[in-house]
Amino acid sequence: MVMGTHADGRDLGPMLARLFKVLDTEKKDRPKSLPDELRDLPYVNGDLFAEDLEFADFNKTTRDALIACCEKQWAKISPAVFGSLFQSIMAGEAGAKRRRQIGAHYTASGTL
């Protein structure tokens with residue numbers, strides 16, 4: 001999908017917003033006119049993509065960086081790295097309190 005955007009990145013933000021909207025919509029409720037690559041994506045339950053986000057303006061450099069990230073073999077990275085990042089994002093006393101409130105925590109099994 002990123003690859004189908006303009007090389008200068010001008011349409012990437014709106015394309016990501018569309019992708020997130022599709023992921024937040026059950027397949028049966030999606031427009032029939034969606035391209036196959038969007039129509040066939042799974043529905044992601046749990047409100048992960050429910051919030052409307054204002055996407056940053058992309059340019060060639062940021063678009064290229066996103067494409068490079070998409071080409072990484074993320075499965076080769078230990079889940080502990082992502083768990084540590086997750087916890088550090090919600091750091092400090094306020095973050096710890098919020099993690100407890102929403103039941104968000106990393107365990108060695110890789111579940112949150």
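Because the structure is predicted, anything quoted here is derived from the model rather than measured.
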Taken in chain and number order and not counting sequence neighbours, the residues that satisfy side-chain hydrogen bond (donor to acceptor under 3.5 Å, both in side chains) with Asp36 are Arg39
Asp8 meets the salt bridge (Lys or Arg N to Asp or Glu O under 4.0 Å) criterion, sequence neighbours left out, with Arg10
Within the side chain of Arg18, is there an N or O that forms a donor-acceptor pair under 3.5 Å with the backbone of Leu38? no
Pro42 meets the side-chain contact (heavy atoms from CB on, under 4.5 Å) criterion, sequence neighbours left out, with none
message: Is there a side-chain contact between Leu41 and Leu19 in this structure, where contact means two heavy atoms from C-beta onward sitting under 4.5 Å apart?
response: yes
Interatomic distance, CD1@Ile67 vs NZ@Lys72, rounded to 0.5 Å, equals 13.5 Å
The side-chain hydrogen bond (donor to acceptor under 3.5 Å, both in side chains) partners of Asn59 (sequence neighbours excluded) come to Thr62
Applied to residues 32-52, the ring-ring contact (aromatic ring centres under 6.0 Å, His included) test, sequence neighbours excluded, yields Phe20-Phe49
The complete set of salt bridge (Lys or Arg N to Asp or Glu O under 4.0 Å) pairs with one or both residues in residues 21-34, sequence neighbours excluded, reads none
Item checked: Contact check, side chains of Phe58 and Leu16, non-hydrogen atoms, under 4.5 Å -> yes
Salt bridge (Lys or Arg N to Asp or Glu O under 4.0 Å) filter on Asp64, not counting sequence neighbours, yields Lys60
Taken in chain and number order and not counting sequence neighbours, the residues that satisfy side-chain contact (heavy atoms from CB on, under 4.5 Å) with Ile77 are Trp74, Val81, Phe82
